[in-house]
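Take a look at the structure below.
Letters A, B, ... mirror the listed sequences (proteins, then strands); counts begin at 1. This one's a predicted model, so the numbers in the text were calculated from it and none came from an experiment. All values below come from the heavy atoms of this structure, side chains included, with hydrogens, waters and symmetry mates left out.
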Amino acid sequence: MKATGTDLPTAAWVVALSGLDRMGPARLGALLGRWEPEEAWRQVLGGAVHRDRRVVAEARRLDATLSARWRRDAAGIDVAARWAAHVAAGVGVLARGQTGFPAPLADDLEPPPVVFHQGSLSTLDRPRVAVVGTRRCTHAGRATARQLGRDLSSAGVCVVSGLARGIDGEAHSGALEAAVRGGAAPAAVVGTGLDVIYPSANTELWNRVAALGTVLSEYPLGTRPQAWRFPARNRIIAALADLVVVVESHAQGGSLHTVDAALERGRPVMAVPGPVRSPASVGTNELLVAGSGVVRDADDVLLALGLDSGAARRGWGDSCGSGSEHLDAPVGSGTFGATVLEALGWEPATVEEVAGRIDAPLVEVAVALSRMERDGLLARHGSWLERRDLPP
Amino acid sequence: MLAIIASATLLGVDGRRVSVEVHVSSGLPCFHIVGLPDTACREAGDRVRAALTTTGIPWPQRRITVNLAPSGVRKNGSGLDLALAVGVLVAHDLLPASAVAGTGFLGELGLDGSIRRIPGMVPLVDALEADTVVVPAGCGSEAALVGRHRVREVASLAQLLAALRGEAPWPDPPGDEQTILPPLDPDLADVRGQAVARLALEVAAAGGHHLLLAGPPGAGKTMLARRLPGLLPDLGRREALEATRVHSAAGLALPPGGLVRRPPLRAPHHGASTVSLIGGGTTWMRPGEISLATRGVLFLDELAEFARPVLDALRQPLEEGVVRVCRARAAVCYPAHFLLVGAMNPCPCGQGGPPGACRCSEAGRVRYARRLSGPLLDRFDLRLDVARPDVTQLLSGPPGESTATVAARVATARAVATARGVSCNAQLPSWSLDEVAALSPPAAALLESGLRAGNLSARGLQRVRRVARTLADLGGRDGPLGEGDVCLALQLRAEPEHLGAVA
């Protein structure tokens with residue numbers, strides 16, 4: 001760290017700059033590309049950044065209004081106090097170029113100028129796989145994400161995701177389950193300050209990821225969730241990952257941002273196939289059509305990473321056989337329950353639909369489904385029932 | 001020089017007897033009405049004067065004072081016109097007092113001497129003690145529903161005068177007006193597929209369970225709800241009179257024959273104000289939509305678009321079957337025994353329901369669900385997701401059962417409930433459930449697992465038992481509730497997840 005006149009480390013100025021209104025990676029990168037951090041801060045205070053041709057050419061839409069706004073905000077910011085707050089909160093701060101700055105981010109197309117982290121960055125020293133997907137997922141999607149998280153972590157892979165609702169959170173939960181039993185710890189990249197837990201429902205998950213693995217952000221403490229920050233966050237997920245797995249995505253889902261970012265960076269993208277009529281799988285199925293790799297389970301991912309020679313991989317026939325045996329066993333083949341379960345299939349359906357498929361009386365189907373729900377074979381969402389995996 | 005004529009005025013759905021006292025004395029010609037008349041009532045003087053003049057009777061150039069007794073009760077509307085005109089004639093000795101003794105008069109006067117109909121004929125006539133009532137032409141059948149009076153229908157003041165003076169017989173009641181038959185209730189056979197929703201309608205009709213339908217646009221929620229009144233049995237005499245009184249008081253057209261025999265369906269738009277739904281407002285306290293739906297169905301389409309205070313105002317009437325409206329000047333009580341059917345989209349985008357289909361943000365869904373208060377949601381025994389029907393069934397599926405078939409089962413189930421001493425199973429008191437809705441061992445085991453898993457609350461359990469009882473009644477099964485009935489009951493109250501908590 002280069003000492004300055006005010007014995008504040010360089011990172012302190014970067015922290016102050018990154019906390020300015022509408023300061024995204026492009027603008028911050030432009031400022032820091034032009035000046036040293038301390039000088040950049042002085043320029044912002046001077047309110048003249050929008051007149052610098054080199055900065056304006058690199059930053060997106062940096063005009064006099066924004067520059068004036070920055071000047072006003074910056075005048076009210078005590079850089080030393082802000083730095084002290086980060087130190088006091090125990091948050092790690094690494095500016096690009098410092099030792100310890102994550103290598104995959106340092107050489108990125110759009111590198112974050114500064115990274116804040118909770119937990120140890122050594123979490124990232126393993127092979128990393130991003131497991132991402134929609135927040136509005138199906139039960140099947142949830143189960144798949146959790147299973148992938150668990151199995152990848154057990155295989156020593158660091159699961160990277162965004163700590164969002166739905167797929168992201170499930171992938172983290174699965175990875176944590178394995179991590180406490182000796183698997184690799186997960187890493188999360190979030191789009192808020194590290195003290196602003198969003199969504200708040202994931203508070204406990206967040207804390208556990210921070211305790212076992214690491215939570216990263218390019219935003220300083222106190223940054224509120226704003227829609228534009230999440231696609232920016234997704235590029236960091238893509239940059240960190242050696243491979244991106246999309247579990248479920250709608251036709252225009254946010255996880256497709258991660259896919260685009262991964263493709264720009266030459267990272268392989270794989271997708272979990274879903275039912276052709278499920279809206280939550282439209283995006284992933286399109287990825288498959290476009291040629292992305294198919295993920296059925298963690299083995300497919302490990303194979304793609306070259307971590308699994310394929311020797312341990314079950315044969316084709318075995319794989320299908322063992323899956324269905326395990327699932328049909330609790331009902332007993334040949335019984336009415338088995339017929340109903342088969343008619344239900346793997347897509348959410350109502351009792352009425354199931355009864356219609358096998359042309360059985362509504363009452364009998366309702367009774368059979370209720371019993372299976374009680375035994376944990378089905379999950380209910382309002383009037384819809386969905387088959388679920390039994391925990392192994 | 002004094003005449004006292006019997007008439008009545010309307011407050012809420014009740015008539016109040018009014019004596020119109022007319023006093024004619026010497027002095028400067030003038031005309032005064034006292035006794036709390038409203039504006040329409042105060043203007044009666046001008047109408048009566050013009051009507052008498054055009055009928056060819058000179059207006060007495062005397063001092064005329066009219067008192068509407070009891071003086072403390074607010075009088076409203078134009079229904080006292082006829083009584084006032086008759087009073088003036090009697091006080092002025094143009095009619096013998098004996099001719100009008102024991103007769104009540106109701107009706108509004110036109111300036112040409114014609115007599116016009118007024119709303120609330122049933123309660124107004126009911127309030128009169130007189131042997132005979134004179135009502136506007138066309139109101140005879142309505143007035144006769146009360147059954148205690150000789151009803152005379154007159155079309156004009158001239159006709160009335162001639163009859164009262166004995167110069168002509170009372171006019172015959174006009175022959176049955178060319179009545180346009182009301183459009184037939186839509187038939188349930190038009191609904192293809194939708195087995196669960198049809199079952200829910202049947203259960204709602206049989207057990208009097210309030211029904212909430214949630215589903216995307218085009219799923220057929222409205223179509224289903226409009227077929228519910230057809231499943232309900234005809235109204236009994238007492239219930240029919242109750243409904244008729246309310247319809248009459250609100251000035252709605254009554255069916256041919258005058259009596260509302262079929263359960264009414266009211267479907268107010270979601271812009272409805274609290275007063276329009278609950279009643280009150282004007283001086284005569286018009287009954288609201290919930291009272292007009294009494295003994296029938298109140299259908300609130302786009303339930304979540306109603307203002308929340310409006311919906312929460314429904315809670316007390318839903319519980320008590322009556323609605324008490326208090327205003328500074330009066331307090332009235334309207335009947336409100338209605339079957340509530342709500343329809344709504346599952347979420348703002350309308351596509352919610354099956355997991356993963358909705359385009360709304362989490363916050364948007366939560367905000368939408370919050371528009372319905374928990375206590376109101378709690379009143380719905382049946383809550384149902386309605387999905388768009390399957391295309392094959394829509395095009396080639398067999399037609400479902402007709403309204404008549406289902407209505408017959410409903411009637412049987414209602415008879416079973418009546419034998420238990422309640423009008424329908426939704427009214428079963430919770431203490432009686434162990435007796436009338438006992439659980440068979442498999443059914444008990446099923447519910448127990450639901451309770452343990454937290455999918456069912458204690459209150460929810462009672463609702464499920466009531467609904468299961470109705471299902472068993474419909475199937476003609478008595479004795480403890482079987483697993484099938486309980487399973488279906490659980491299915492029919494499938495908590496739409498988006499509507500939030502366990503209830």
Side-chain angles (χ1 to χ4, degrees), chain A residues 133-142 164-167 199-201 225 227 248-254 274-275 277-283 347-357 361-371 373-376 379-386 388, chain B residues 193-200 213-215 346-347 349 351-363 365 383-387 389-390 392-393 397 442-443 445-450 452-453 455 471 475 477 482-499:
Chain A
T134 178
R135 289 171 286 171
R136 309 186 310 267
C137 56
T138 64
H139 187 85
R142 258 172 212 286
R165 282 190 198 89
I167 301 294
S200 58
E248 273 188 328
S249 170
H250 290 257
Q252 267 133 20
R277 300 202 304 180
S278 165
S281 287
V282 173
E347 270 184 77
T350 60
V351 173
E352 191 177 337
E353 284 165 357
V354 177
R357 285 171 199 167
L362 205 57
V363 187
E364 286 175 26
V365 176
V367 170
L369 289 172
S370 292
R371 284 187 188 147
E373 189 191 350
R374 182 183 55 194
D375 297 341
R380 180 183 285 277
H381 310 264
S383 298
W384 278 266
L385 289 154
E386 195 179 22
R388 62 194 247 188
Chain B
Q194 304 279 27
V196 173
R198 296 171 62 101
L199 181 66
L213 300 167
C347 57
C349 79
Q351 305 305 319
C358 168
R359 296 193 306 268
C360 306
S361 70
E362 192 69 23
R365 289 166 70 119
R383 303 178 209 174
L384 200 63
D385 282 310
V386 185
D390 192 61
T392 25
Q393 280 197 318
L446 186 74
L447 288 176
E448 190 188 330
S449 77
R452 285 195 195 287
N455 298 330
L471 280 163
R477 296 177 287 276
E483 195 181 10
D485 291 325
V486 170
C487 274
L488 274 186
L490 280 170
Q491 192 59 43
L492 292 178
R493 62 171 281 293
E495 278 326 308
E497 209 175 48
H498 34 86
L499 293 181

Portion of A/S278 that has a non-hydrogen atom of chain B nearer than 4.5 angstrom: neither
If you tally heavy-atom pairs under 4.5 Å between each of A/H250, A/E248, A/E373 and chain B, the highest tally belongs to A/H250
Identify which part of A/T138 has an atom lying under 4.5 Å from any heavy atom of chain B, answering side chain, backbone, both or neither. both
B/L447 vs B/V486 side-chain heavy atoms within contact, under 4.5 Å: yes
Select one option (side chain, backbone, both, neither) describing which atoms of B/L471 are under 4.5 Å from chain A's heavy atoms. neither
Is there side-chain contact between B/L488 and B/L199, with at least one heavy-atom pair below 4.5 Å? yes
Between A/R165 and chain B, which part of the residue has a heavy atom less than 4.5 Å away: side chain, backbone, both or neither? side chain
Roughly how far apart are A/S370 OG and A/D375 CG, rounded to 0.5 Å? 10.5 Å
Taking CZ in A/R135 as the centre, count heavy atoms belonging to other residues, nucleotides or ligands within less than 6.0 Å. Is the count above 12? no
If I take atom CG from residue B/D385 and atom CD from residue A/E352, how far apart are they, to the nearest 0.5 angstrom? 11.5 Å
